[in-house]
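Some notes on the structure that comes next.
In each ligand, atom 1 is the first atom listed, and ligand 1 is the first ligand listed. Just so we're clear, the structure is a prediction, and the values are computed from it rather than from any experiment.
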Amino acid sequence: MNALEQSMIRDISLAEQGGLKIEWVAAHMPLLGRLKEQFEREQPFAGKKVAICLHLEAKTAYLALVVQAGGAQVAVAASNPLSTQDDVVAALVRRGVTAYAWHGATDDEYHMHLNKLLDFHPDILIDDGGDLVSTLHRERPEQTAEIIGGCEETTTGILRLKAMAADGELKFPMLAVNDAYSKYLFDNRYGTGQSVWDGIMRTTNLVVAGKTVVTVGYGWCGKGVAMRAKGLGARVIVCEVNPIKAVEAVMDGFEVMTIHEAAKSADFVVTVTGNRDCVTKDAFAVMKDKAVLANAGHFDVEISKGDLTSMATEVRTVRKNIEEFALADGRKLYLLAEGRLVNLAAGDGHPAEVMDMTFALQALGLRNLLQNKYEAGVHSIPKEVDEYVAQLRLQTWGYDIDALTPEQERYLSSWQGE
Ligand code: ADE
């Protein structure tokens, strides 16, 4: 069977339009371009099956094609049912990648797609958020022995993997791509910072300057969201449960308060915590009329949709990706993209140049898994790989940096202080 016969997708006739999207990002992803050329020559994945469970938009498609160029048979499924772009998926299938995904898949369909991807019997995998690895361990434990290893994209996924490892349940090695410096310092901060505001602005067509933005969570993603809100001219409030991060937010120049207090003046609330129930009825009860609620964490559990629905007298879609919740006292609250990742469900995800670094780490991580023998568990991306990606980034931008002299190296590694 060819890729099209095997795949479950919305509409193959969208392939041409999706192909143009892939072409556009590929032109702005020189690191992956270099790896593609190298992989074409060296065929590091020859004879291997690679399963990719990521947000299925153009940058991800290019990663899949780079891995395919390295000799792999590649199959993909979505890591979120609302981020899938059907035209991009069709273009991938046209290029020989098997796909199980369509935009707006129901929970059952999403689950079926993950199982279809596992029916492909991958040797190595990439996951985003942990659903693929979790499904494999929970529903098909006998298949875990087939897996050489995998790479995980996000903070949320790595937390889940570490919980599995702590319970002695993680049966193969997983490389924590998110924890590489070349990933989180750029993707989580500048990628999320830009793509979240892109998603909110293109969805609402509202001004940010002069408004009050409440950022819930001040990890690397939250820092990006707050920093860019400030740059757009907003007054920014940070809500954070970790006292150290809260001090950091204060010293970065933001107001810090509880969500209950912050809700009263919020025009925009953006959750970026990785946790559930961060904005609930307690905050909705005092929230400013016409506040816009958006989530940028992996799962749609950060803003309580249950509480919003139970408090609403009427719910209606007022614009694409905007649901209006009318409350009994006349206030209206607006939820974007059903509380799913606003940058992907109502946008195109992070900018191409940022995902170039992240996906270079993913591609090199996969190769690393085949070149080294790792124990079952969660492992860091090797420092050399992390620094290689940053070096490549500098090179492709045309920046030169200095190197340590041997004397400086010796000085740094000695304790006598010469
Ligand atoms: N595009 C593909 N995967 C993504 C991710 N995890 N975050 C943002 N944009 C993406």
Side-chain angles (χ1 to χ4, degrees), residues 18 21-22 24-26 28-29 31-32 51-67 74 76-89 91-92 97 99 101 103 125-133 150-161 175-180 182-200 202 219-222 224-225 228 270-272 274 294-300 337 340-363 365-366:
K21 287 186 177 175
I22 300 173
W24 170 257
V25 298
H28 297 89
M29 300 179 85
L31 276 64
L32 278 187
I52 295 180
C53 180
L54 287 168
H55 297 286
L56 295 181
E57 49 88 10
K59 279 94 72 184
T60 308
Y62 190 41
L63 169 66
L65 296 174
V66 169
V67 173
V74 180
V76 301
S79 58
N80 184 303
L82 277 196
S83 59
T84 302
Q85 298 191 13
D86 290 320
D87 51 359
V88 169
V89 173
L92 266 184
V97 171
H103 181 86
L125 56 87
I126 301 178
D127 203 359
D128 182 328
D131 279 353
L132 185 67
V133 170
C151 294
E152 168 55 52
E153 170 87 1
T154 64
T155 316
T156 293
I158 290 169
L159 278 175
R160 289 175 87 187
L161 290 173
L175 295 184
V177 168
N178 180 73
D179 294 355
S182 300
K183 201 279 185 180
Y184 71 81
L185 287 177
F186 309 104
D187 175 313
N188 298 26
R189 182 169 39 170
Y190 299 105
T192 309
Q194 181 166 328
S195 64
V196 161
W197 286 107
D198 171 23
I200 293 174
R202 71 164 89 168
W220 288 102
C221 294
V225 170
R228 289 295 175 250
V270 185
T271 52
V272 220
N295 169 51
H298 185 78
F299 288 112
D300 58 345
R340 295 191 187 265
L341 286 150
V342 70
N343 55 342
L344 282 144
D348 291 311
H350 295 351
E353 299 92 330
V354 170
M355 290 314 289
D356 196 19
M357 290 178 80
T358 301
F359 284 165
L361 285 165
Q362 289 285 11
L366 288 184

Hey, what polar pairs (N/O, under 3.5 Å) does ligand 1 make with protein?
from	atom 1	to	atom 2	distance (Å)
ligand 1	1 (N)	E57	OE2	2.4
ligand 1	6 (N)	D128	OD2	3.1
ligand 1	6 (N)	E153	OE2	3.4
ligand 1	9 (N)	H350	N	3.0

Taken in chain and number order and not counting sequence neighbours, the residues that satisfy ring pair (Phe, Tyr, Trp, His ring centres under 6.0 Å) with Y190 are none
Side chain to side chain, R340 and N295, heavy atoms closer than 4.5 Å: no
Heavy-atom check, side chain of V76 versus side chain of L56, under 4.5 Å | yes
Inspect the surroundings of CD in E353 and state if more than 12 heavy atoms from other residues, nucleotides or ligands are less than 6.0 Å away.
yes
Inset, instruction - Tell me yes or no: between the side chains of D131 and N80, is some donor less than 3.5 Å from an acceptor? - result: no
Salt bridge check: are R202 and D348 linked by an N-O gap of less than 4.0 Å?
-> yes
